[in-house]
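Below: one structure, written as structure tokens.
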Amino acid sequence: MSPYAVDELILGSTDAVRVPVIGQALCAGFPSPADDFLEGALELPRWLVPNPPATFLMQIRGESMRGAGIHDRDLACIDRSLRAEDGSVVVAVVDGQLSCKRYRMAGNRARLDFDNPEMLAFAVDEYGEVEIWGVLRFSIRWHLARGRLS
């Protein structure tokens, strides 16, 4: 399928898919998200979301990935079907907490890096329980002022 111009994409057509937006609470296993976790859905072009059943949107909190161009309140598109490779941006569950990090392999040892020089990397085995929850496919950035509208 070739990419479409925005004005060629008809929302609600077979060329668009609904991607659930998940709130703060996420289950650690492969989700069939319960309604409690859903905040809504966005329709996106199918070419952006090749595997809709494994794809979710989540809002980023914090500035730990600003070096990767991912900032506070950006919307991340996470694909659970992709396998993390060295250099992938991933969503990891670290001791039950979701975190967006850069996945790195050094020999046979995995680590999770921040893309912010003010924050130190940590080896995955330094924490009790770590699971790579998904791989970030892309992010959506708001370019409006973040203050209140008058």
Side-chain angles (χ1 to χ4, degrees), residues 3-6 9 16-150:
Y4 291 90
V6 172
L9 179 66
V17 294
R18 290 183 60 78
V19 179
V21 178
I22 297 179
Q24 295 294 326
L26 295 171
C27 56
F30 193 89
S32 284
D35 289 340
D36 297 355
F37 301 131
L38 297 179
E39 291 185 350
L42 289 179
E43 283 198 7
L44 296 173
R46 183 173 293 281
W47 54 268
L48 279 177
V49 185
N51 192 353
T55 305
F56 304 91
L57 296 168
M58 175 179 118
Q59 192 171 53
I60 298 293
R61 291 286 181 208
E63 293 290 338
S64 68
M65 295 301 290
R66 71 179 181 212
I70 303 167
H71 296 272
D72 189 50
R73 297 174 58 195
D74 285 356
L75 198 57
C77 180
I78 301 136
D79 188 332
R80 299 272 337 257
S81 69
L82 295 176
R83 182 179 173 168
E85 297 179 4
D86 183 48
S88 296
V89 175
V90 300
V91 173
V93 181
V94 179
D95 288 334
Q97 300 293 316
L98 285 173
S99 187
C100 185
K101 301 284 181 282
R102 176 91 50 198
Y103 179 81
R104 293 287 185 194
M105 287 297 297
N108 62 352
R109 187 169 182 170
R111 72 176 195 268
L112 297 173
D113 287 348
F114 298 98
D115 268 345
N116 181 334
E118 298 168 9
M119 300 174 162
L120 299 175
F122 56 91
V124 169
D125 59 2
E126 291 176 13
Y127 290 85
E129 187 176 325
V130 175
E131 176 188 354
I132 303 302
W133 192 80
V135 175
L136 191 79
R137 186 173 279 285
F138 62 88
S139 61
I140 299 170
R141 153 103 24 85
W142 303 110
H143 290 274
L144 297 173
R146 306 254 171 146
R148 293 178 41 189
L149 297 176
S150 302

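These numbers come from a predicted model, not from an experiment. We're numbering straight along the sequence, starting at 1.
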Walk me through whether D79 and V135 qualify under side-chain contact (heavy atoms from CB on, under 4.5 Å). CA-CA 5 Å; D79 188 332; V135 175; 5.5 Å; no
Would V90 and L112 count as a side-chain contact (heavy atoms from CB on, under 4.5 Å) here? Give the steps. CA-CA 9 Å; V90 300; L112 297 173; 4.1 Å; yes
Steps toward side-chain contact (heavy atoms from CB on, under 4.5 Å) verdict (V19, L48): CA-CA 11 Å; V19 179; L48 279 177; over 6 Å; no
Check step by step if side-chain contact (heavy atoms from CB on, under 4.5 Å) holds for M65 and I60. CA-CA 9 Å; M65 295 301 290; I60 298 293; 5.9 Å; no
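Nearest heavy-atom pair across R111 and A106 is NH1-CB, 3.9 Å. Taking every heavy atom of both residues into account, I78 and G134 meet most closely at CG2-CA, 3.7 Å. In this structure, C77 and T55 approach most closely via the heavy-atom pair SG-CG2, 3.4 Å. Nearest heavy atoms, C100 versus S64: O-OG, 3.8 Å. Closest non-hydrogen pair, G87 versus R104, comes out as CA-NH1, 3.4 Å.
No donor-acceptor pair closer than 3.5 Å links the side chain of R66 to the backbone N or O of H71. In terms of modelled atom types and a separation under 3.5 Å, the side chain of R80 and the main chain of F56 share no donor-acceptor contact. When atom types are taken as modelled, the side chain of N116 and the backbone of E63 share a donor-acceptor pair closer than 3.5 angstrom. Distance alone, capped at 3.5 Å, places no donor-acceptor pair between the D113 side chain and the R102 backbone.
Here D74 contributes atom CG and R61 contributes atom CZ; the two are 11.0 Å apart, rounded to the nearest 0.5 Å. In this structure, D72 CG and Q59 CD are separated by 7.5 Å, a value rounded to the nearest 0.5 Å. To the nearest 0.5 angstrom, S99 atom OG is 13.5 Å from W133 atom CH2.
Between R46 and P52 the shortest side-chain heavy-atom distance falls below 4.5 Å.
Paired with R137 under the rule side chain to side chain contact (heavy atoms under 4.5 Å, CB included), one option of V49, L82, N51, V89 passes, and it is L82.
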